**Q** 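The following block contains the structure, expressed as structure tokens.
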Amino acid sequence: MSKAVTILTGFLGAGKTTFLNQAIGERPEVRHAIVENEFGKEGIDGELIIKPDNEIFELNNGCLCCSLNDGIYDILNELSQKTEQFDELIIETTGIADPAAVAGPFFSHSEIKKDFPVKRVICLVDTELIEDQLIETDEAIKQIAFSDIILLNKTSNVNPEYLEKIEEKLLGINPFVKVFREKEMIFPVKEIFATERDQEIEYKLKPGRRLAFNHGKIVSHTFYFDQPFNDKELQMRLFGYLVFEARGLYRIKGIVHGKNVNHKLILQSVGQSLSITGGKPWNEGEVRQSKIVFIGKDLKRDFFENMLNECLAE
């Protein structure tokens, strides 16, 4: 039986463990297995100090817990022997981690993908500090770029106008992300866990914003196409790019209008892995338009534009 996976990321001090404790507390009917990638005085259950060893042990709330000291394959292999003891798996990454590195096996290994499907990648954002973090470190940008959900935390510490500015900036990096907000230290736990990647994917950036993020060498290139794609050609070209040419690429994601395809195609990359999967049907009267985003360092817009144009259906 497969076990749903949630990957929890966010920069140091963003509030990941606080959110995790609340998520466990508000869903007592769900038995969790927790993989911790960073350790400190505050751990799961608030009182428990997580021990940095490789043993899977049981917390006093019934959750299983272990540390990510060894490889993720070893942990998943052991958890696969204990599937009757938990319902869902949550992986909390270290604050300076690139979540794509942790998520890689879940998308590239067919058995893991089947047994442990990733349902959502959540990024906690400290609204007071995120602008400085985006300037000072690539990891914060990678975390935003890779996530399906952004949870704005510590919102009472900034004014509403600034909060709107932050949200627009984050959507400029990743216009497909779904944004939630903490309010008075209460997280919208049930709404977040009801959200699944690829099920409700939407392009969130406001109309007219074509190149929304450009910080030094880090850019987010967004492309729009009304003409349908040859989806097999698109997959082949992008796969070749990822394997042989990609340098500095953090993420590809998009909604693709394929020729003679009556549903949306969901495009995304994880490392050198690429997938194009079926999404929801196009609504009656909906404009069938492809929207594709490339996020990374030193990415040349003309190169991607030419490559995508060559994949359009005749």
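Computed from a predicted structure; not experimentally measured. Quick note: residue numbers are just sequence positions, from 1.
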**Q** Which heavy-atom pair separates Glu26 from Val189 by the least distance, and what is that distance?
**A** OE1-CB, 3.6 Å
**Q** Taking only residues two or more places apart in sequence, or in another chain, which ones meet Thr137 in a side-chain hydrogen bond (donor to acceptor under 3.5 Å, both in side chains)?
**A** Glu139
**Q** Assess the side chains of Thr6 and Arg120: does a donor N or O sit below 3.5 Å from an acceptor N or O?
**A**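 Present: a donor and an acceptor within the cut-off.
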**Q** Do Glu184 and Ser156 meet the criterion of a side-chain donor-acceptor pair at a distance under 3.5 Å?
**A** no
**Q** Report the relative orientation of the aromatic rings in Phe304 and His221; use parallel for angles under 30°, tilted for 30 to 60°, perpendicular for over 60°.
**A**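 Rings of Phe304 and His221: tilted, as their planes differ by 30° to 60°.
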**Q** Side chains of Glu167 and Tyr162: do they bring a donor and an acceptor to under 3.5 Å?
**A**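 The answer is no; no qualifying pair exists.
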**Q** Starting from the C-alpha separation in whole Å, work towards a yes-or-no answer on salt bridge (charged side-chain N to carboxylate O under 4.0 Å, His left out) for Glu182 and Lys154.
**A** CA-CA 7 Å; Glu182 157 273 342; Lys154 307 178 185 179; over 6 Å; no
**Q** For residues 239-250, which residue pairs qualify under side-chain hydrogen bond (donor to acceptor under 3.5 Å, both in side chains), counting only residues two or more places apart or in two chains?
**A** Asp138-Tyr250
**Q** If I compare all heavy atoms of Asp231 with all of Leu265, which pair ends up nearest, and what's the gap?
**A**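 Answer, listing the atom of Asp231 first, then Leu265: CB-CD1, 3.6 Å.
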**Q** Tell me which donor-acceptor pairs under 3.5 Å the side chains of residues 266-279 have, and how far apart each pair is, sequence neighbours excluded?
**A**
{"from": "Gln268", "atom 1": "OE1", "to": "Arg197", "atom 2": "NH2", "distance (Å)": "3.0"}
{"from": "Gln268", "atom 1": "OE1", "to": "Arg251", "atom 2": "NH2", "distance (Å)": "2.6"}
{"from": "Gln268", "atom 1": "NE2", "to": "Asp198", "atom 2": "OD1", "distance (Å)": "2.8"}
{"from": "Gln268", "atom 1": "NE2", "to": "Asp198", "atom 2": "OD2", "distance (Å)": "3.0"}
{"from": "Ser269", "atom 1": "OG", "to": "Ile252", "atom 2": "N", "distance (Å)": "2.9"}

**Q** Please test Glu111 against Lys114 for salt bridge (charged side-chain N to carboxylate O under 4.0 Å, His left out), starting from the C-alpha separation and ending with a verdict.
**A** CA-CA 5 Å; Glu111 286 299 312; Lys114 180 181 71 174; 3.5 Å; yes
**Q** What do you reckon, is CZ of Phe180 surrounded by more than 12 foreign heavy atoms closer than 6.0 Å?
**A**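 Correct, the count exceeds 12.
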**Q** Please assess Glu191 against Arg181 for the test salt bridge (charged side-chain N to carboxylate O under 4.0 Å, His left out), listing each intermediate value before the final yes or no.
**A** CA-CA 11 Å; Glu191 292 89 341; Arg181 297 181 182 183; over 6 Å; no
**Q** Name the one of Arg31, Arg27, Lys3 that satisfies side-chain hydrogen bond (donor to acceptor under 3.5 Å, both in side chains) with Asp87?
**A** Arg31
**Q** Show, in sequence, the C-alpha distance, side-chain angles and deciding distance for Lys16 and Glu36, and conclude whether the salt bridge (charged side-chain N to carboxylate O under 4.0 Å, His left out) test is met.
**A** CA-CA 11 Å; Lys16 297 187 296 296; Glu36 284 276 280; over 6 Å; no
**Q** Can you tell me how far NZ of Lys232 sits from CD of Gln235, rounded to the nearest 0.5 angstrom?
**A** 8.5 Å
